[in-house]
Engineer: 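Here you go, one structure.
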Amino acid sequence: MNQLAVRNRQRTFRIASRKYKTMASLALKQLFGLQQYQLSVSFLSAKSMAAINESHLQHQGPTDIITFDYSDSGTLDGELLICPEVAVGYATRYQVTLGHELARYFIHGILHLQGYDDLHPADRKLMKREENRLLQHLSALYPINSLAHG
């Protein structure tokens with residue numbers, strides 16, 4: 001059974017939730033080749049993200065994305081929490097749109113759910129290379145710049 005939920009739980013940035021869900025579904029099927037998945041994507045305010053980051057990871061302040069993995073028996077099952085307020089800072093820094101950055105976070109989260117890690121420099125480099133490759137393919141399949149405004 002495939003289930004994908006996208007929820008915008010913040011009010012600072014306009015997120016095109018339906019488009020994001022379409023993009024995510026396309027990525028799950030065409031880029032990752034996933035046949036079975038249960039996934040929730042939530043866009044949170046910086047305040048909410050900071051609270052979760054502190055309570056679950058013991059890190060202070062908001063972060064761009066947190067991934068929770070609930071997978072078992074071959075079915076990708078997880079939750080991606082994304083903070084557009086943090087994302088817009090990175091989007092500005094790297095001179096990309098907010099939609100582009102939010103698409104990157106989706107790919108990043110799925111890679112984590114598939115076992116990639118970014119704690120050590122060598123692993124981070126490998127993950128970033130795969131993230132960039134998949135983002136390039138995704139941007140050819142879907143207009144990722146249209147996912148958000150702000």
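Just so it is clear, the structure is predicted and the values come from calculations on it, not from any experiment. What's counted below: heavy atoms across the whole structure, side chains too, no hydrogens, waters or symmetry copies.
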Engineer: Distance check, rounded to the nearest 0.5 Å: M127 atom CE versus D118 atom CG?
Structural biologist: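 M127 atom CE to D118 atom CG measures 5.0 Å (nearest 0.5 Å).
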Engineer: E101 side chain to V96 main-chain N or O, any donor-acceptor pair under 3.5 Å?
Structural biologist: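 No, because the side chain of E101 does not come within donor-acceptor range (under 3.5 Å) of the backbone of V96.
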Engineer: Rest of the hydrophobic cluster containing L119 (Ile/Leu/Val/Met/Phe/Trp/Tyr, side-chain heavy atoms under 4.5 Å)?
Structural biologist: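 Besides L119, the hydrophobic cluster comprises nothing; the residue is isolated.
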Engineer: Would you kindly confirm whether F106 and L44 end up in one hydrophobic cluster when ILVMFWY residues are joined by side chain heavy atoms under 4.5 Å apart?
Structural biologist: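 Unlinked, F106 and L44 end up in two clusters.
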Engineer: If you take all heavy atoms of L147 and A103, which pair is closest and at what distance?
Structural biologist: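 Closest approach of L147 to A103: CD1-CB, 4.0 Å.
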Engineer: When you measure from the side chain of Q95 to the backbone N and O of T92, does any donor-acceptor pair fall under 3.5 Å?
Structural biologist: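 Side chain of Q95 to backbone of T92: no pair is present.
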Engineer: Do N8 and R14 pair up side chain to side chain, a donor and an acceptor below 3.5 Å, judged on atom types alone?
Structural biologist: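 No - no donor-acceptor pair under 3.5 Å links their side chains.
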Engineer: Assess whether ring pair (Phe, Tyr, Trp, His ring centres under 6.0 Å) is satisfied between H100 and Y94, documenting all intermediate values.
Structural biologist: CA-CA 10 Å; H100 181 276; Y94 295 112; 9.7 Å; no
Engineer: Determine whether more than 12 heavy atoms belonging to other residues, nucleotides or ligands lie under 6.0 Å from atom CD of Q35.
Structural biologist: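 Not more than 12 within 6.0 Å, no.
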Engineer: Please answer whether the main-chain N or O of D77 pairs with a side-chain N or O of S71 as donor and acceptor at a distance below 3.5 Å.
Structural biologist: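 Side chain of S71 to backbone of D77, a donor-acceptor pair under 3.5 Å: yes, one is there.
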Engineer: To the nearest 0.5 Å, what is the distance between OG (S42) and CG (L80)?
Structural biologist: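 The CG atom of L80 is 9.0 Å from OG of S42, to the nearest 0.5 Å.
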Engineer: Enter the distance from I107:CD1 to N132:CG here, rounded to the nearest 0.5 Å.
Structural biologist: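 Between I107 CD1 and N132 CG, I get 9.0 Å after rounding to 0.5 Å.
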Engineer: State, with a plain yes or no, whether a side-chain heavy atom of P84 is found less than 4.5 Å away from one of Y105.
Structural biologist: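 With C-beta onward as the side chain, the pair stays apart.
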Engineer: Under 6.0 Å from the CZ atom of R133, do we count more than 12 heavy atoms belonging to anything else shown?
Structural biologist: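 Yes, the 6.0 Å shell around CZ holds more than 12 heavy atoms from other groups.
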Engineer: Give the C-alpha distance, both sets of side-chain angles, the deciding distance and a yes or no for side-chain contact (heavy atoms from CB on, under 4.5 Å) between L26 and L138.
Structural biologist: CA-CA 8 Å; L26 180 78; L138 181 59; 4.3 Å; yes
Engineer: Mind listing the closest non-hydrogen atom pair of L81 and E79 along with its distance?
Structural biologist: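 For L81 versus E79, the nearest heavy atoms are CD2-OE2, 3.7 Å.
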Engineer: Do the side chains of L31 and I110 get nearer than 4.5 Å, heavy atoms only?
Structural biologist: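 Not in contact.
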Engineer: How long is the span from the CG atom in L39 to the CG atom in L113, to the nearest 0.5 Å?
Structural biologist: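 The CG atom of L39 sits 6.5 Å away from the CG atom of L113.
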Engineer: Given side chains that start at C-beta, do those of Q114 and L76 come closer than 4.5 Å, heavy atoms only?
Structural biologist: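 Yes, side chains in contact.
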Engineer: Do D64 and H108 have side-chain N/O donor and acceptor atoms under 3.5 Å apart?
Structural biologist: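 On atom types as modelled, these side chains do not qualify, holding no pair under 3.5 Å.
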Engineer: Under a 4.5 Å cut-off applied to non-hydrogen side-chain atoms, are R104 and E131 in contact?
Structural biologist: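 The answer is yes; the side chains approach within 4.5 Å.
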Engineer: With a 6.0 Å cut-off (strictly less than), is the heavy-atom count around OH of Y90, excluding the residue itself, greater than 12?
Structural biologist: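 No.
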Engineer: Is there a side-chain contact between E130 and Y116 (heavy atoms, below 4.5 Å)?
Structural biologist: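 Side-chain contact under 4.5 Å: yes.
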Engineer: How close do M23 and I144 get, heavy atom to heavy atom, and via which atoms?
Structural biologist: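 Between these two residues, the closest heavy atoms are CG-CG2, 4.4 Å.
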Engineer: For the residue pair Y20 and I82, what are the closest heavy atoms and their distance?
Structural biologist: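 Looking at all heavy atoms of both residues, the shortest contact is OH-CD1, 3.6 Å.
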Engineer: Checking the side chain of K21 only, and the main-chain atoms of L4 only, is there a donor and an acceptor separated by less than 3.5 Å?
Structural biologist: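 Judged by distance alone, yes, a pair lies under 3.5 Å.
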Engineer: Quick check against the 3.5 Å criterion: does S48 have a side-chain atom that pairs as donor or acceptor with the backbone of S45?
Structural biologist: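 Here the side-chain-to-backbone pair does not exist.
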Engineer: Is there a side-chain contact (heavy atoms from CB on, under 4.5 Å) between T63 and V86? Walk through the geometry before answering.
Structural biologist: CA-CA 6 Å; T63 189; V86 173; 5.8 Å; no
Engineer: Compute the centroid of each ring, for H56 and then for F68, and state whether the two points are separated by less than 6.0 Å.
Structural biologist: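 Centroid separation for H56 and F68: below 6.0 Å.
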Engineer: Without swapping roles, check the side chain of N145 against the backbone of T97 for a donor-acceptor pair under 3.5 Å.
Structural biologist: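 Flag not set: sc N145 to bb T97 has no pair under 3.5 Å.
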Engineer: Please answer: with hydrophobic residues joined when any side-chain heavy atoms are less than 4.5 Å apart, are L141 and V6 in the same cluster?
Structural biologist: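 L141 clusters together with V6.
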Engineer: Please check if the side chain of Q10 supplies one atom and the backbone of F13 the other of a donor-acceptor pair under 3.5 Å.
Structural biologist: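 Confirmed, Q10 side chain pairs with F13 backbone.
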Engineer: Any side-chain heavy atom of L102 sitting closer than 4.5 Å to one from F43?
Structural biologist: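 Answer yes - side chains close enough.
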Engineer: Once you round to the nearest 0.5 Å, how far does NZ of K29 lie from CG of N2?
Structural biologist: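 The distance works out to 6.0 Å.
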Engineer: Provide the closest heavy-atom pair for A46 versus P62 in the form atom of the first, atom of the second, distance.
Structural biologist: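 Scanning both residues completely, I find the closest heavy atoms to be O-CB, 3.5 Å.
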Engineer: How long is the span from the CG atom in L98 to the CD1 atom in I15, to the nearest 0.5 Å?
Structural biologist: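 It comes to 5.5 Å.
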Engineer: Decide yes or no for H112 and D69: does some side-chain heavy atom of the first lie under 4.5 Å from some side-chain heavy atom of the second?
Structural biologist: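 When only atoms from C-beta onward are counted, D69 and H112 do not touch, as no gap falls below 4.5 Å.
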Engineer: If every non-hydrogen atom of A16 is compared with every non-hydrogen atom of S146, which pair is closest and at what distance?
Structural biologist: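 Heavy-atom minimum between the residues: CB-O, 3.8 Å.
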